[in-house]
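Below: one structure, written as structure tokens.
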Amino acid sequence: ETAVFQTPNYHVTQVGNEVSFNCKQTLGHDTMYWYKQDSKKLLKIMFSYNNKQLIVNETVPRRFSPQSSDKAHLNLRIKSVEPEDSAVYLCASSPRTEQYFGPGTRLTVL
Amino acid sequence: AQSVTQPDARVTVSEGASLQLRCKYSYFGTPYLFWYVQYPRQGLQLLLKYYPGDPVVQGVNGFEAEFSKSNSSFHLRKASVHWSDWAVYFCAVSMGNSAGNKLTFGIGTRVLVRP
């Protein structure tokens, strides 16, 4: 049963455009995350939010910015995408330690 | 810094045979360890989790894993593989059980199942 929802599933865009990805969880968790999974399946944490507050911000380019309106939502905006931003972006939520992932948004930058 | 090593990028196994996927972790402290599975074009699903306690943990779909502090390992096992186990398996470690603790993942092991 899916409890972490991500939209869109896929997005194709051109270099320099702005994109936004949405994530919503219905698990009642306080903490949410964004991960990037590259073409080799490597997973890297980007951000984590706890109750709408940013608590982890790994070294990511400034064009990436997370946005949280409430603890159930964590969106990701990318201003002026670059070719290396092509990847799958995975959202996750956590009650404490284990994390539950959404299906991902696959971004292709032409 | 914490790290996870999965030495096998790819494992091929016959349906019905047993499976073991290796995971070594590096962490100074008490680790919280996880195995996740990723089916094609899907997100990650939690298979099982280790919190300090019994070293053998049971997961879903017949998977189990064994924690060894002396070997810094957390290997995943399944007695009899099914074709539906064709997927990528990730081992992960967390620094603790506080809110916001990030997971550090291994590179994943791709499991191919022969009929």
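The sequence lines fix the lettering, A, B, ..., with proteins before strands; numbering per chain opens at 1. Remember, it's a predicted structure, so these values are computed and weren't measured experimentally.
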- Heavy-atom closest pair, residues A/Q25 and A/V4: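 Where A/Q25 meets A/V4 most closely, the heavy atoms are CB-CG2, 4.2 Å.
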- Message: Counting only non-hydrogen atoms closer than 4.5 Å, does B/L46 touch chain A with its backbone (N, CA, C, O), its side chain (CB onward), both, or neither?
- Response: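 Only the side chain of B/L46 comes within 4.5 Å of chain A.
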- Message: Quick check on B/Q45 against chain A: is it the side chain, the backbone, both or neither that has a heavy atom closer than 4.5 Å?
- Response: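 Nothing of B/Q45, per the 4.5 Å heavy-atom cut-off to chain A.
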- Query: Would you find more than 12 non-hydrogen atoms of other residues, nucleotides or ligands less than 6.0 Å from B/R41 atom CZ?
  - Reply: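 Atom CZ in B/R41 is not crowded, with 12 or fewer foreign heavy atoms closer than 6.0 Å.
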- Task: Answer yes or no: are there more than 12 heavy-atom neighbours, outside A/K41 itself, under 6.0 Å from its atom NZ?
- Result: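 Atom NZ in A/K41 is packed in, count exceeds 12.
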- chain B contact via A/Q6 - which portion, at a heavy-atom distance below 4.5 Å: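 Contact with chain B is absent: no heavy atom of A/Q6 under 4.5 Å.
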- Message: Does any backbone or side-chain atom of A/Y89 lie under 4.5 Å from a heavy atom of chain B? Answer side chain, backbone, both or neither.
- Response: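 No part of it gets close to chain B.
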- Once the angle between the rings of A/Y35 and A/F101 is folded into 0 to 90°, is it parallel (under 30°), tilted (30 to 60°) or perpendicular (over 60°)?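 Ring orientation of A/Y35 relative to A/F101: tilted.
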- Parallel, tilted or perpendicular: rings of A/F21 and A/H11 (30°, 60°):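 Correct class here is perpendicular.
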- Message: Strictly below 4.0 Å, N to O, side chains only: are B/R77 and B/E64 in salt-bridge contact?
- Response: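 Yes.
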- Item | chain A contact residues among residues 48-57 of chain B, heavy-atom distance under 4.5 Å |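 If one takes a 4.5 Å heavy-atom cut-off, the residues of residues 48-57 of chain B near chain A are B/K49, B/Y51.
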- Task: Classify the side-chain pair B/H82/B/D85 by whether it contains a donor and acceptor separated by less than 3.5 Å.
- Result: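 No, no side-chain donor-acceptor pair sits under 3.5 Å.
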- Message: Given A/S93, which partner from the list A/H29, A/Q99, A/K24 fulfils the side chain to side chain donor-acceptor pair (under 3.5 Å) test?
- Response: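 That would be A/H29; it is the only one of A/H29, A/Q99, A/K24 passing the side chain to side chain donor-acceptor pair (under 3.5 Å) with A/S93.
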